Amino acid sequence: MKVKSLADLKKIKAEVQGKIKLREQGENADKIVQIKVAMATCGIASGAKEIMSYMIDELDFRGVDAIVSQTGCMGYCYAEPTIEVIVPGQSPVVYGFVNKEKAKEIIEKHIVKGELVDGIIPVTFKTIDE
Amino acid sequence: MDKIKLTIDNKEVEVAKGTTILDAAKQIGVHIPTLCHMKLHDMGIENKPGGCRVCVVEVEGRRNLAPACVTEAAAGMNINTHSIRVINARRTVTELIISDHPFECLTCAKSGECELQDLAHQMGIREIHFEGEKSVYREDTSPAIIRDMDKCIMCRRCEMMCNEVQTVGVLSAINRGFYAVVSPPFEQNLDHSVCTYCGQCVAVCPTGALTEVDHTPAVIRALSDPSKTVVVQTAPAVRAALGEEFGFEPGTLVTGKMVAALRRLGFNYVFDTDFAADLTIMEEGTEMLDRLSRHLNGDKTVKLPILTSCCPAWVKFFEHQFPDMKDIPSSAKSPQQMFGAIAKSYFAEKQNINRKDLVVVSVMPCLAKKYESSRDEFAVDGNPDVDFAISTRELAALIKLANIEFKALPEEDFDHPLGESTGAGVIFGTTGGVIEAAVRTAYELHTKKPLPKLNFDELRGMEGVREATIDFDGLPIRIGIAHGLGNARKLLEDIRSGKSHFHAIEIMSCPGGCIGGGGQPYHHGNSDILIKRQKAIYQEDSMKTLRKSHENPYIVKLYEEFLGHPMSDKAHHLLHTSYFDRSKHFEQED
Amino acid sequence: MAENKMHILVCGGTGCRASQSEQIVNNLKAELESQNLENDVRVLTTGCFGFCEKGPVVKVVPDNTFYTEVKPSDAIDIVNEHIVKGRPLQRLLYKNPKNNYKVTNTASIDFYKKQVRIALRNCGFVDPENIDEYIGRDGYEALGKCLSDYSPSEVIDIIKKSGLRGRGGGGFPTGLKWEITSKEKNDQKYVVCNADEGDPGAFMDRSILEGDPHSVIEAMAICGYCIGANKGLVYIRAEYPLAINRLKIALSQASEYGLLGNDIMGTGFDFDIEIRYGAGAFVCGEETALIHSMEGSRGEPTFKPPFPSVSGYLGKPTNVNNVETFANVPVIINKGAEWFSSIGSENSKGTKVFALAGKVNNVGLIEVPMGITLREVIFDIGGGIRNGKKFKAVQTGGPSGGCLTEKDLDIPIDYDNLIKAGSMMGSGGMIVMDEDDCMVSIAKFYLEFTLDESCGKCTPCRIGNKRLHEILDKITKGKGTEQDLERLKLLSNVIKDTSLCGLGQTSPNPVLSTLLNFEDEYLAHVREGKCPAGQCKDLLKYEIDPDLCTGCTLCYRNCPVGAISGEKKSVHYIDQSICIKCGVCFQKCKFKAISIV
Ligand SMILES: Cc1cc2nc3c(=O)[nH]c(=O)nc-3n(C[C@H](O)[C@H](O)[C@H](O)COP(=O)(O)O)c2cc1C
Ligand code: SF4
Ligand code: SF4
Ligand code: SF4
Ligand code: SF4
Ligand code: SF4
Ligand code: SF4
Ligand code: FES
Ligand code: FES
């Protein structure tokens, strides 16, 4: 492959950027929306893995910049699958019993428009980082 | 040329752009001490590594001191060459050098001529404040040169000479820091290297780190042995320089006094290498004409140009570096070896002396001659044709040792038969001289006409490579001259690549020819001395009544009585040699 | 299709590779495969994260979990815990040495908090063996822009305006150097990248070449465009096999993409780069020595002027820049001179990479904005002094620099301030010393380095440094006098004043600065024969306190030379004339009866 012009280079860049997007998001984690999917045994059993894939594809499809990652059991096994949504500058919110429809709603309303959606588990959540 | 103005020691000076502070200071009579720096300005040879730091001066506005020898003077500079800061630094640097130097002046060959000694004196060093480890190296003795690197001060002059001027590439700095030293490759000894023994490294070394192998004790031993007849030959360049050792102005001819001194030293016969030089011309000139006429007659086996072969360092150079061309140089031996061969045959027979009881000593401007005389092919049954070759400096030392008041000596003449020479033999001592001598004879032998004029100014001079075309009565003979092996290399490469158009080339290893030989009194970087010596050589030539080798009556007699004719079988046997391919020499040994 | 959900970045820098990071990659891949996760999770090898001491380092993104001291056998747990179950693997998390809390996120690690990564932007981020990743990070866009949108003098203007100064030690304005070289008239010019990196302990250049070789290649081409050169040479020490290898891969990929070679990006500009190997001597990093070494001569400095910009490699105008200097260039072009010059201090713009080492809790490679204080570097990024000891000094600038002390902790670090304080930036070595360090020994240590690395060309450095070292040695052996201190000063100043190249001109700095800041320590050595830090073996004396000695005979039995005598249950005694000061008795005694005096 030969880069024959600056435009060529930019084309390649556009093609390959996806490969490193994940890492760039990671670096800027505090500036973009983060979605953490609880993926402990309980979560996986209740379909968390599918929810995670769904959300990644859906966000990608809508061109929404967000980090989807997994986390351990959040301690709400009764409400699995659970996801945590962290919008920069706001306190984290945890949703329970998330299925595909719920996930779509969360993306459409909470993440894109900033409106909270039903199904919030009222918690004061602590991450290990603090 | 652009001029700039600056101030040195409160004096304003105007110099050409590009002038160093050192030279600018010199212009107004300010002497800045130096050690590593050396410049033979007429020959374009300069050593300026800026390493010793003895020459530092203070330049206003500069953070640190500036080495005068490499720093270019700039417009508006304000320079102080002896502020307290400078004096302190210069003295400390000198002390540092001495702190890593053996205190061996009493037994050092360089004592009295040593630039470090002079510097210490000038700096008024009385005490060394920094004591510590001193560098110790294995002493390296070769047939011609002794390397005592304990005394090396890393001025790198030898390296510059060997690599840049001579392009031999034997000497270079190795190791790092305190243990850095100049050495042949792989810390081998010199005799395991491609060293030509030209001695130019010795000629420029400011200290006793590089000196010649001293043959004077052996000479004294021979002189004191009543069973030996000791004859001496003196090379042409010696008489033009020996006087310097005794306070004569450079360029003073001391031929007669030299002969007188040698007699006083007890040599049984005082002969002249110039005689052998005339003989060389007979052989070499004839060979040249022979090759030339065969070439002109279309003989494709003949190679031209013919190269002179009277310089042993040059011979060793091409044996190592251009072995593929070893059939181009004339097969004639050097005058030293021709003399030895004739002395130990013709003369010994004449005097009815067994060659073993005849000791031939030569006094040479040259260190390569020490090596040459030790080559196996120049001995008969292990008895060398030339027993000892001492340098001009060694002769001076012998004269001083014998308490001979040189200046007061009368002028005396050489002995016969091997002491008679022509002006042609004399000019062997300078670059261009051998070929001029050859032309004088070859011309007359070829054209069968007397030369209209004897001085070939077109062949004289000091440029590293010169060329001239001499009209041999309608036949233009193109002649090349090179002195310094680097210059020789250029001509050789042209020959190798077929670009050369010369018929004959003279090559001398030393800058200036033998007058600048490695065994001459030290020039200490003053190239005026070489020029004056050259003048003296031409002066001696012009004073001679006979100035063409073939007119030397003793040469004529030698052929009549002994050799037959030039290039006869006997002449071949005694006066010609062959060369070796030494290019793989060291790979085999290691 | 969306890309992988997660990336596991494994450090493939020299440090981490030395502790089997390659094996970690293999194990991770195998484990992921066995769990059918190879399409979800991508494992890649990156360049150095700077945290080599805690290596091998593994980072999982997008959640930025940072694992340290990972062993190949940990791969299974990482996959099973973190990837499958989504819980960070607690035992591999980095522990904050200040409070022993575990930290998950890279961004929360003190070591990284105050760093600003420009030169190291891609180290530990991209796969250096894959040019696409570099292109994805705006790679070669700067070159493209320069070639198609700017004239050489416009590019030089950008670099000049950015305020970028050489990171190789001298701090010479890079744009100005390019301009000087560009103005030389010659049919052949060269761009040389100085990757000799001889400063002991510094490894930023190696890390950049290992972790982001393309940034240097791109910058060299930009430089070539500016100065009118179409030939680049990287002079790299032969002891950097990994960097050499990565550079080679990068060069061949760049050529394959047509980003090197003829008619780059259709602009008619040709540029090629060759690698030259260095002999590994410190002084070969000096630009004139480097050039001689490349020419096949002895690596030895020569007097400047002429500067390489005028007469360099093969006598042609040659622009020499350091690796880190080059690594900054593409970003400056992409983000603009204003952006770059907004970072840093008045006269030193941008960032500097330091190799933080010594007695701090976090050691490693850090990139910080110019103008940050030593205190921030040592106590925030470095996490303070190890084992709660007291800070004593910090040496910046490697063997050419000086020791700075408590009083200097709050000066903003930049080229000029460090020199003002009696040290220098150098190539970015930074070694922190605590109360246990003997400053005479430190000065001696640095001088030992200089001694080994001096080329020996000039007298003051060749012999002067040797003598300096001998005097220091004498002092550490208790044989020094007060006169020796005077001698040290005199000699140091003359060496600085008269040496030929930067090595000798700076080599006495450690001596002078310790003499200035810790004269009392020198005096203790020469007057009282004592080493206050207890480091100079010859000045130590082990003594048994008769009141505390119980006669347990433990010391007696352990002394390797039989210097201790005494009956069981009675007080023991050390014969000082036999004692070799090994310290064994001191360590063995359970009753603290043995003390160092
Ligand atoms: C003794 C000595 C060692 C040096 N070593 C290096 C080195 O390892 N790397 C380097 O980039 N510059 C080194 N330098 C500085 C170079 O001479 C030169 O200034 C530098 O490479 C220029 O690049 P820069 O302007 O980008 O800093 C050294 C200088 C001296 C005096
Ligand atoms: S080299 Fe000079 S200073 Fe050294 S011992 Fe010989 S004469 Fe003395
Ligand atoms: S004698 Fe001549 S060839 Fe030999 S080392 Fe000295 S300069 Fe070089
Ligand atoms: S041997 Fe002599 S000429 Fe050569 S570097 Fe040493 S002191 Fe100088
Ligand atoms: S030029 Fe003369 S002095 Fe020099 S090496 Fe040759 S023969 Fe000897
Ligand atoms: S200062 Fe040291 S390294 Fe530099 S030229 Fe002098 S001897 Fe060589
Ligand atoms: S320090 Fe070592 S040698 Fe000295 S007494 Fe103790 S154990 Fe023995
Ligand atoms: S004479 Fe100038 S540095 Fe030696
Ligand atoms: S080599 Fe892995 S962090 Fe530096």
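Note that the structure is predicted; figures quoted are calculated from it, not measured. Here is how names work: the chains are called A, B, and so on, in the same order as the sequence lines, proteins then strands, and each is numbered from 1.
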Checking heavy atoms, do the side chain of [X], its backbone, both or neither come under 4.5 Å from chain A?
| X | result |
| --- | --- |
| C:D132 | both |
| C:E256 | backbone |
| C:I264 | neither |
| C:T65 | neither |
| C:L147 | neither |
| C:D263 | neither |

Can you tell me which of [options] forms the most heavy-atom pairs within a distance under 4.5 Å of chain A?
| options | answer |
| --- | --- |
| C:V126, C:D63, C:V60, C:N64 | C:N64 |
| C:D138, C:T106, C:N130, C:D127 | C:D138 |
| C:L259, C:V61, C:L44, C:I135 | C:I135 |

Exercise for the section: Flag yes if more than 12 heavy atoms outside A:K109 fall under 6.0 Å of its NZ atom; otherwise flag no. Expected result: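 Counting neighbours around NZ of A:K109, 12 or fewer heavy atoms of other residues, nucleotides or ligands fall under 6.0 Å, so no.
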Practice task
Verify the neighbour count for atom CG of C:N100: are there more than 12 heavy atoms of other residues, nucleotides or ligands below 6.0 Å?
Solution key: yes
Practice task
Determine the option with the most heavy-atom pairs under 4.5 angstrom with chain C, choosing from A:L6, A:L22, A:V16.
Solution key: A:L22
Fill in the blank from the handout: Ranked by heavy-atom pairs below 4.5 Å to chain C, first place among A:I12, A:I20, A:I67 goes to A:I20
Are any of the side-chain heavy atoms of [X] and [Y] separated by less than 4.5 Å?
| X | Y | value |
| --- | --- | --- |
| C:F269 | C:C146 | no |
| C:Y257 | A:L9 | no |
| A:I35 | A:L59 | yes |
| C:M6 | C:P62 | yes |

Counterpart residues, salt bridge (Lys or Arg N to Asp or Glu O under 4.0 Å), relative to [X] (two or more places apart):
| X | result |
| --- | --- |
| A:E24 | C:R137 |
| C:E210 | C:R206 |
| A:K21 | A:D60 |

Exercise for the section: Please report the shortest heavy-atom distance between C:N362 and C:I381, naming the atom on each side. Expected result: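 Smallest heavy-atom distance, with atoms named: ND2-O, 2.9 Å.
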Fill in the blank from the handout: Ordered numerically, the heavy-atom neighbours of chain A under 4.5 Å found in residues 112-122 of chain C are none
Handout entry: Which atoms of A:K2 approach chain C - backbone, side chain, both or neither, heavy atom under 4.5 Å
Key =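 When you check distances to chain C, atoms from both the backbone and side chain of A:K2 fall under 4.5 Å.
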Practice task
Please state whether the side chain, the backbone, both or neither of A:V3 comes within less than 4.5 Å of a heavy atom of chain C.
Solution key: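 Both parts, heavy atoms under 4.5 Å.
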Exercise for the section: Look at the rings of A:H110 and A:Y95 and say which category their plane angle falls in: under 30° parallel, 30 to 60° tilted, over 60° perpendicular. Expected result: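 Perpendicular.
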Exercise for the section: Could you walk me through whether A:K10 and C:E141 pass the side-chain contact (heavy atoms from CB on, under 4.5 Å) test, one step at a time? Expected result: CA-CA 8 Å; A:K10 289 192 172 152; C:E141 218 173 296; 3.8 Å; yes
